[in-house]
**Student:** 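The structure's right below; bear with me while I get my questions together.
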Amino acid sequence: MSQPTPRVRFAPSPTGYLHVGGARTALFNWLFARKTGGTFVLRIEDTDQARSTEAHTQVILDGLRWLGLAWDEGPVFQGAEGARHRGDAERLLAEGKAYRCFCTKAELEAARKLSPNGGDGFKYDRRCLHLPADEIARRMAADLPFVIRFQMPDEEIAWDDAVHDRIRWHGRDLDDLVILRSDKTPIYNLAVVSDDIAMRITHVIRGDDHISNTPKQIALYRALGAPIPVFAHVPMILGADGKKLSKRHGATAVGDYQDKGILPAAMRNFLALLGWAPGEDREILAEADLIALFTLEAIQKKPAVFDPTKLEWMNGQYISAMAATVLEPEVRRHLSRLGVDPGDRSILAIIDAAKPRARTTSNLAERVAVRLDPTRAALEPKGQALIEKMGPAYRASLEHAIAALEPIGEADWTPEPIFAALKARADAHALKLGDAMQPIRVALTGDTVSEPVNELLAVVGRAAALATLRRAARGE
RNA sequence: GGCCCCAUCGUCUAACGGUUAGGACACCACUCUUUCACAGUGGUAAUACGGGUUCGAUUCCCGUUGGGGUCACCA
């Protein structure tokens with residue numbers, strides 16, 4: 001028998017930004033679809049009218065596009081499918097697999113309070129399941145509000161999870177969940193199953209936190225007589241403290257990383273390696289490699305801690321490997337945010353000079369900005385430390401540099417003559433080259449890290465460089 | 001608390017039941033470099049604990065401990 005072409009979906013609810021955990025779930029779905037020649041569907045689960053917004057939907061779509069995760073179908077909006085959801089609920093009711101429950105929220109709340117754990121683990125006592133037919137008719141005639149509850153079968157519910165292997169539950173541990181509210185709108189678990197059936201989803205790849213929903217949903221699939229898809233529950237992403245990643249851990253939205261100057265390719269690469277590894281110690285992987293090597297079975301069972309430092313390292317690898325022309329648009333975006341206008345000046349040479357040391361494009365742009373205009377340089381702690389350590393020698397060294405550089409004309413202001421002049425002066429005055437160079441670097445950039453000093457001087461330009469050195473030599 | 005999931009360096013991870021338990025980030029040292037970085041080389045660092053099964057357990061089984069998830073007319 002032939003396997004149907006895989007159909008997967010990413011189904012965020014538009015109640016907030018695109019979380020990195022959600023982004024990774026989307027990425028795994030996308031990788032699986034690309035790998036198998038399947039279809040990646042985007043579904044927006046907006047049945048919670050109170051919390052869903054159009055703005056959130058846009059942020060999520062933008063985030064997916066930024067990451068390069070193109071969907072093949074959709075976005076389809078769950079809220080538009082209310083009639084089908086209701087139809088499925090009523091069908092279960094008609095078939096005796098669900099029942100009307102007239103209990104009010106207040107009644108349920110009271111019962112919950114009286115239960116052993118203050119509501120946790122509370123199970124509905126099925127009092128409405130046993131209502132006589134004439135009583136139901138009486139309440140219906142009286143127009144009393146009711147919900148539709150699914151009658152959870154007393155049987156084993158297990159499945160072969162693609163990442164966890166066999167997971168077993170039992171219906172007796174599960175509540176008779178409400179599937180249709182008294183206002184006839186569907187509850188999440190029904191809407192999801194109804195949609196996944198209608199969309200012919202074959203593989204449900206989602207977060208670990210849905211494991212406890214899966215037995216409920218499988219029971220619904222069975223009751224609806226639909227084939228059960230393959231489930232793959234990917235582990236959570238945690239913060240450094242081992243708790244579920246959330247706002248208090250800092251940046252958790254994909255947009256935050258975009259703003260910080262993380263490249264989409266690096267973000268995608270990093271996220272793919274959180275809970276998944278291709279083997280052979282491979283880490284920097286192009287899109288095609290990611291797709292070729294991806295399998296659900298290789299996904300880790302345990303949660304992964306999000307390490308921003310490694311993300312930045314990886315981003316630096318991508319930045320170093322990219323051509324200045326490719327980086328330029330992004331750098332210019334950050335420059336304008338910094339209020340810097342390069343005017344007619346080409347910034348390609350500056351990008352090339354600065355990119356091996358930058359870990360984010362925003363940091364790269366800051367470095368470019370300082371080279372465009374050294375007066376922007378802010379003294380870093382390490383730069384400050386160097387000045388203090390050298391004492392009077394700092395200014396003396398700068399005086400030597402100025403004396404060496406002034407004779408060089410505008411036309412000869414290139415790395416080689418600059419180096420020759422500095423070297424000659426240092427030799428003549430028995431100055432160690434390190435002591436001659438480092439003060440220039442600090443004066444020009446405020447930092448102790450940059451491209452070679454002669455290249456730095458060339459990139460900054462004669463007039464600006466000399467002016468800055470004179471100012472620094474005067475102690476300004 | 002019930003139910004469910006999970007457990008290799010600080011972190012991300014590799015290891016047909018047989019390896020000096022490998023790689024990467026971070027950290028330290030050295031080399032290279034006019035300085036800094038990049039890079040290269042080396043180093044510190046892990047199989048949670050206890051029982052089995054086996055000639056032999058990181059690996060299979062059970063238990064303990066620890067961590068996580070979830071228990072709504074939210075999604």
Side-chain angles (χ1 to χ4, degrees), chain A residues 11-15 45-48 50-52 78 101 103-105 108-109 112 115-123 145-149 161 163-164 167-170 172-175 177-189 191-192 207-215 233 235-236 238 240 242-244 270 273-284 300-314 316-317 320 354-358 382 386 419 422-423 426 432-442 445 447-454 456:
Chain A
S13 55
T15 53
E45 308 211 320
D46 57 348
T47 54
D48 184 351
R51 292 194 297 154
S52 300
Q78 190 165 57
C101 173
C103 297
T104 65
K105 278 187 187 176
L108 293 169
E109 202 49 51
R112 205 169 265 125
S115 70
N117 288 298
D120 287 344
F122 169 80
K123 273 183 69 186
F146 64 90
V147 300
I148 295 182
R149 268 184 200 278
D161 196 276
V163 347
H164 289 276
I167 296 181
R168 298 165 202 280
W169 289 69
H170 200 285
R172 77 170 83 88
D173 297 320
L174 270 16
D175 202 8
L177 63 149
V178 173
I179 54 176
L180 202 70
R181 297 185 183 95
S182 51
D183 66 0
K184 309 298 181 200
T185 59
I187 282 296
Y188 172 75
N189 278 304
V192 166
D208 244 357
D209 49 343
H210 284 288
I211 286 182
S212 59
N213 281 141
T214 304
H233 288 97
M236 303 274 83
L238 273 26
K243 303 287 184 193
K244 196 170 171 179
F270 178 75
L273 260 31
L274 225 44
W276 174 76
E280 296 177 6
D281 297 330
R282 299 186 61 181
E283 298 220 286
I284 304 291
Q300 204 77 19
K301 291 181 172 71
K302 66 164 181 175
V305 173
F306 188 90
D307 180 5
T309 305
K310 186 156 185 177
L311 203 210
E312 292 197 358
W313 165 78
M314 186 168 280
Q317 297 290 308
S320 297
K355 72 176 180 158
R357 290 157 195 81
K382 280 190 173 175
L386 180 110
F419 173 67
L422 289 172
K423 169 103 166 112
K432 277 169 64 184
L433 270 167
D435 288 337
M437 299 293 188
Q438 198 65 336
I440 301 175
R441 172 175 284 130
V442 170
T445 67
D447 201 356
T448 55
V449 177
S450 83
E451 62 273 40
V453 166
N454 53 327
L456 173 67

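Throughout, a chain's letter reflects where its sequence line sits, starting with A, and its residues are numbered from 1.
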**Student:** Under 4.0 Å, heavy atoms only, any strand: does A/G275 hit a base, just the sugar-phosphate, or nothing?
**Tutor:**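 If one applies the 4.0 Å heavy-atom cut-off, A/G275 turns out to touch the sugar-phosphate alone, with no base involved.
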**Student:** Taking any strand in view, what nucleotide pairs with B/G1 in a Watson-Crick or G-U wobble way, both distances under 3.5 Å?
**Tutor:**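 Pairing partner: B/C71.
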**Student:** Is A/P235 touching bases, backbone alone, or none of the nucleic acid, heavy atoms closer than 4.0 Å?
**Tutor:**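 No contact at all - A/P235 keeps every heavy atom at 4.0 Å or more from the nucleic acid.
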**Student:** So which heavy atom on A/W169 is nearest to which on A/P215, and how close?
**Tutor:**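 Distance-wise, the nearest heavy atoms are CD2-CG, 3.5 Å.
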**Student:** Could you please name the partner base of B/U53, counting Watson-Crick and G-U wobble pairs only when both distances are under 3.5 Å?
**Tutor:**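 Across all strands, not a single nucleotide pairs with B/U53.
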**Student:** Does B/U41 have a Watson-Crick or wobble mate here (both distances under 3.5 Å), and if so which one?
**Tutor:**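 With both distances under 3.5 Å, B/U41 matches B/A29.
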**Student:** Let me spell it out: for each of A/L273 and A/P186, pick the nucleotide of RNA chain B with the closest heavy atom. Which residue's pick is nearer the 5' end?
**Tutor:**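 Looking at the nearest nucleotide for each, A/L273 comes out on the 5' side.
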**Student:** NE2 of A/H233 versus P of B/G68: gap in Å, rounded?
**Tutor:**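 From A/H233 NE2 to B/G68 P: 20 Å.
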**Student:** With a 4.0 Å limit, can you tell me whether A/R149 has a side-chain N or O closer than that to the phosphate oxygens OP1/OP2 of B/A72?
**Tutor:**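 So the side-chain polar atoms of A/R149 never come under 4.0 Å of the phosphate oxygens OP1 or OP2 of B/A72.
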**Student:** Looking at A/K301, I'd like to know whether one of its side-chain N or O atoms comes within less than 4.0 Å of OP1 or OP2 on B/C5.
**Tutor:**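 No.
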**Student:** By nearest atom, which of the nucleotides B/C73, B/U34, B/A75 is closest to the A/S182 side chain?
**Tutor:**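 Nearest to the side chain of A/S182 among the choices is B/C73.
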**Student:** Once rounded to the nearest 0.5 Å, what's the spacing between atom CD of A/E45 and atom CD of A/Q78?
**Tutor:**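 Those atoms lie 4.0 Å apart.
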**Student:** Using a 4.0 Å heavy-atom cut-off across all strands, classify A/D175 as base, sugar-phosphate, or nothing.
**Tutor:**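 No contact.
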**Student:** Compute whether any side-chain donor of one residue and acceptor of the other, for A/T185 and A/D183, lie under 3.5 angstrom apart.
**Tutor:**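 Looking only at side-chain atoms, A/D183 and A/T185 do form a donor-acceptor pair, the distance falling under 3.5 Å.
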**Student:** Using modelled atom types and a 3.5 Å cut-off, is there a donor and acceptor pairing between side-chain atoms of A/D175 and backbone atoms of A/L177?
**Tutor:**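 No: the side chain of A/D175 does not pair with the backbone of A/L177.
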**Student:** Any base atoms under 4.0 Å from A/N213, or only sugar-phosphate, or nothing? Heavy atoms, all strands.
**Tutor:**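 If one applies the 4.0 Å heavy-atom cut-off, A/N213 turns out to touch a base.
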**Student:** Do the side-chain N or O atoms of A/T47 get closer than 4.0 angstrom to the phosphate oxygens (OP1, OP2) of B/A75?
**Tutor:**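 Affirmative; the distance criterion is met.
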**Student:** To the nearest angstrom, how far is A/K243 atom NZ from B/U11 atom C1'?
**Tutor:**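 Taking NZ of A/K243 and C1' of B/U11, I get 18 Å after rounding.
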**Student:** A/S450 near the nucleic acid: base, sugar-phosphate alone, or nothing, with a heavy-atom cut-off under 4.0 Å?
**Tutor:**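 The residue A/S450 makes base contact.
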**Student:** Hey, which of these two, A/D183 or A/M437, hits RNA chain B nearer its 5' end, going by closest nucleotide?
**Tutor:**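 That would be A/M437.
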**Student:** Tell me whether the OP1 or OP2 atom of B/C6 has a side-chain N or O from A/H164 closer than 4.0 Å.
**Tutor:**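 So the side-chain polar atoms of A/H164 do come within 4.0 Å of the phosphate oxygens OP1 or OP2 of B/C6, strictly under.
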**Student:** Provide the Watson-Crick or G-U wobble partner of B/U47, both distances under 3.5 Å; none if there is no partner.
**Tutor:**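 Partner of B/U47: none found under 3.5 Å.
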**Student:** Please report the shortest heavy-atom distance between A/V449 and A/R357, naming the atom on each side.
**Tutor:**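 Scanning both residues, the minimum pair turns out to be CG1-CD, 3.8 Å.
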**Student:** Using the P atom as the reference point in each nucleotide, state the distance between B/U41 and B/G23 in Å, no decimals.
**Tutor:**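 One P to the other, the span is 11 Å.
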**Student:** Classify the nucleic acid contact of A/F419 as base, sugar-phosphate or nothing, counting any heavy atom under 4.0 Å across all strands shown.
**Tutor:**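 Counting heavy atoms under 4.0 Å across all strands, the contact made by A/F419 includes a base.
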**Student:** Could you state the CZ-P distance from A/R181 to B/C74, rounded to the nearest angstrom?
**Tutor:**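 Distance, rounded to whole Å: 4 Å.
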**Student:** Can you name the residues that form a side chain to side chain contact (heavy atoms under 4.5 Å, CB included) with A/K244, not counting sequence neighbours?
**Tutor:**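 Expected list: A/D209, A/M236.
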**Student:** For nucleotides 14-31 of chain B, read 5' to 3', which letter fits each nucleotide if B means a protein heavy atom sits under 4.0 Å from the base, S means only the sugar-phosphate is that close, and - means neither?
**Tutor:** S-------BBBSS-----
**Student:** For A/V305, report the nucleic acid contact type (base, sugar-phosphate, nothing); a contact means any heavy atom under 4.0 Å.
**Tutor:**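 Sugar-phosphate, no base atom in range.
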**Student:** Expressed as a whole number of angstroms, how long is the span from A/D208:CG to B/U70:P?
**Tutor:**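 Interatomic distance, CG of A/D208 to P of B/U70: 10 Å.
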**Student:** Under 4.0 angstrom, heavy atoms only, what part of the nucleic acid is A/V147 near: base, sugar-phosphate, or nothing?
**Tutor:**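 Base contact.
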**Student:** In Å, rounded to the nearest 0.5 Å, how long is the span from CD of A/Q317 to CZ of A/F270?
**Tutor:**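 Between atom CD of A/Q317 and atom CZ of A/F270 there are 13.5 Å.
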**Student:** Please give the nucleotide sitting opposite B/A24 as a Watson-Crick or G-U wobble pair, both distances under 3.5 Å, or none.
**Tutor:**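 Here B/A24 is engaged in a pair, and the nucleotide opposite it is B/U11.
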**Student:** With both distances kept under 3.5 Å, what pairs with B/U19, Watson-Crick or G-U wobble?
**Tutor:**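 Its partner is none (no Watson-Crick or G-U wobble pair with both distances under 3.5 Å).
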**Student:** Does the B/C38 base have a donor-acceptor partner in the side chain of A/S320 within less than 3.5 Å?
**Tutor:**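 When only heavy-atom distances are counted, A/S320 does not reach the base of B/C38 through any donor-acceptor pair under 3.5 Å.
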**Student:** At under 4.0 Å, does any side-chain N or O of A/K302 touch on OP1 or OP2 of B/U8?
**Tutor:**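 For A/K302, the contact criterion (side-chain N or O under 4.0 Å from OP1 or OP2 of B/U8) is met.
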**Student:** To the side chain of A/K244, which of B/C36, B/C4, B/U70 is closest?
**Tutor:**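 Nearest nucleotide to the side chain: B/U70.
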**Student:** Does A/K423 have more than 12 heavy atoms from other residues, nucleotides or ligands lying within 6.0 Å of its NZ?
**Tutor:**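 Incorrect, the count does not exceed 12.
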**Student:** Who does B/U58 pair with, Watson-Crick or G-U, both distances under 3.5 Å?
**Tutor:**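 WC or wobble partner does not exist here.
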**Student:** When you compare B/G56 with B/G22, how far apart are their P atoms, in angstrom units rounded to a whole number?
**Tutor:**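 Each nucleotide's P atom is 24 Å from the other's.
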**Student:** How many whole angstroms separate atom CD1 of A/I211 from atom C1' of B/G69?
**Tutor:**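 To the nearest whole Å, that distance equals 7 Å.
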**Student:** Once you apply a heavy-atom cut-off of 4.0 Å, does A/R51 come out as touching a base, just sugar-phosphate, or nothing?
**Tutor:**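 The residue A/R51 makes base contact.
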